[in-house]
Number of protein chains: 2
Amino acid sequence: MIVRENENTGELYTLLTGWAFRYRTMSDGRRQIFNFLLPGDFIGLQDQLEEASPHGIEALSAATLCVFPRSRLWDLYRAHPALGFDLTWLSAHEGLIVDENLLSVGQRSAVERIAMLLIHLYKRAESLGLGDAESVPMPLTQQHFADALGLSLVHTNKTLKRLEALGLHTLERGKLKLLNPAAMARLADYHALPLRGRPLI
Amino acid sequence: MIVRENENTGELYTLLTGWAFRYRTMSDGRRQIFNFLLPGDFIGLQDQLEEASPHGIEALSAATLCVFPRSRLWDLYRAHPALGFDLTWLSAHEGLIVDENLLSVGQRSAVERIAMLLIHLYKRAESLGLGDAESVPMPLTQQHFADALGLSLVHTNKTLKRLEALGLHTLERGKLKLLNPAAMARLADYHALPLRGRPLI
DNA sequence: CGACATGTTGAGATGGATCAACACTTGTGG
DNA sequence: CCACAAGTGTTGATCCATCTCAACATGTCG
């Protein structure tokens, strides 16, 4: 547990190693995962100064963080405009990913959603050099897939199995392999978002 | 049409008057609306420099824009760190709204989604001083509701009617009235996001 | 007046939800 | 070392919220 919902830590973080996710729980317990966080992602920009954080953040694996006091955020903008610029970049980039998730949840069928999430996470992990030539680590539980995609746990399981049966991927012991990335991309209507020089803060 | 999908205008805008929406179309024509834009909202931050915009933006009414050349964005950060700070604020704030939509589309039922969108737009318009004491303008078509909420047009129509029949609101000739805001907020599990001093760029 | 966008309504089909088991793994305490 | 609980994954049967299809109504604008 990195950031608790409706609390304010007064801190910002960069995720240095490990995986995490950002989510929100409704008063009756339903949970929506907004995004998954990988090394290099920044945490806490959405929380406006001094306000309680509208979402929680939990780690999916052992993780290390770089901590910033929120009170010095403004100093940073003044003293290092380039870093401020990078922060806006990071914020906008996370926005793009959330947009993509919204597109999935709003318009894609269950198979398409799962396919999309699998490729998307695969590409992100791969581009960070995680995993080896044929697979990347995948610390999510099926419940996480379900909560990110707005599907029930049962249907998530069945859909995941169906894709495996089609020979599109394997997912075991926390390792994801894409056996037919092209077919999966076609299925998901996936288009890589161009990731030009991503800054690290 | 303000920004075309997959093109790059090299410009940024502030929406000064009027309504607009930000969306993306899949290759088979399905469309997801990410967010609605009201006066004061900034346009174009998500589009990374020089890349084609991953989404389109269209006006819902007559609108006026303030135009910035994208090439001078970096100058602005260097010369006026405070404005850079505000831009990050605006970007993060739009992120919060998109999160909220994702929560709706992922977890809420059709009635809840419609109720949520109605209150949310009502509050935003009201806080900008649009409309009068009892109603705000509402230039959306039912198709816009449907595309924003991930519902079919037909079901959107029926659900909207149902809420009207329950006496929760009226929506005619482009004017929205909330007859029982409390009940509607309860239905939607709505919690206002605190809007502290919003900057205008 | 016709053309086109928008709104309305009913009937029937279906993707995904819900309910209910059961299997496997891991950790814990006795 | 075993017994048990808790978390996770798997599978089948049934239900229902929402989708699709198909009309028709209304309004606007040339």
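A note on names: the letters A, B, ... follow the listed sequences, proteins ahead of strands, and every chain is numbered from 1.
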Side chain to side chain contact (heavy atoms under 4.5 Å, CB included) with K177(B): of L168(B), L171(B), V136(B), T170(B), only one passes, and it is T170(B)
Does any N or O in the side chain of R108(A) come within less than 3.5 Å of the main-chain N or O of R113(A), such that one atom is a donor and the other an acceptor?
no
Output the rounded distance in Å from CD (Q107(A)) to C1' (dG15(C)).
15 Å
Whole angstroms only, please: what is the CZ-C1' distance between R162(B) and dT9(C)?
14 Å
salt_bridge(E5(B), R31(B)) N-O dist < 4.0 Å
no
Separation of dC24(C) atom C1' from R173(A) atom CZ, nearest Å, is 14 Å
Double-helix bend of the helix from dC1(C)-dG30(D) to dG30(C)-dC1(D), axes at both ends from 5 pairs, round to 10°, gives 40°
Check for me whether the distance between the ring centres of W19(A) and F36(A) falls short of 6.0 Å.
no
Assess whether a salt bridge exists between E100(A) and R24(B), defined as any Lys/Arg side-chain N lying under 4.0 Å from an Asp/Glu carboxylate O.
yes
Looking only at side-chain N and O atoms, does E94(A) offer a donor or acceptor that is under 3.5 Å from a partner on N35(A)?
yes
Starting at atom CD of E112(A), determine the distance to atom C1' of dG15(C), rounded to an integer number of angstrom.
12 Å
Looking across every strand, which nucleic acid part, if any, lies under 4.0 Å from T141(B) by heavy atom: base, sugar-phosphate, or nothing?
sugar-phosphate
Which is true for L153(B) with a 4.0 Å heavy-atom rule: it touches a base, it touches only sugar-phosphate, or it touches nothing?
nothing
Side chain of Q142(B) only, heavy atoms from C-beta on: which candidate in dA20(C), dG7(C), dA17(C) is closest?
dG7(C)
Regarding R124(A) and D41(A), does a basic nitrogen lie under 4.0 Å from an acidic carboxylate oxygen?
yes
First encountered from the 5' end of DNA chain C, between H144(B) and V154(B):
H144(B)
Which nucleotide of DNA chain D is the first, and which the last, in the 5' to 3' direction, to come under 4.0 Å of a heavy atom belonging to chain A?
dT8(D) to dA13(D)
Side-chain donor-acceptor contact under 3.5 Å, H80(A) with D75(A)
no
Whole-Å distance separating the CD atom of Q143(B) from the C1' atom of dG7(C):
11 Å
Contact class for T159(A) vs. all strands (heavy atom < 4.0 Å): base, sugar-phosphate, or nothing?
nothing
Specify the separation, in whole Å, of atom CG of N157(A) and atom P of dG16(C).
15 Å
Salt bridge flag under 4.0 Å for residues D99(B) and R22(A)
yes
Heavy atoms under 4.0 Å, any strand shown: does K158(B) hit a base, just sugar-phosphate, or nothing?
base
Check the distance between dG16(C)'s P and R108(A)'s CZ and give it to me in whole angstrom.
14 Å
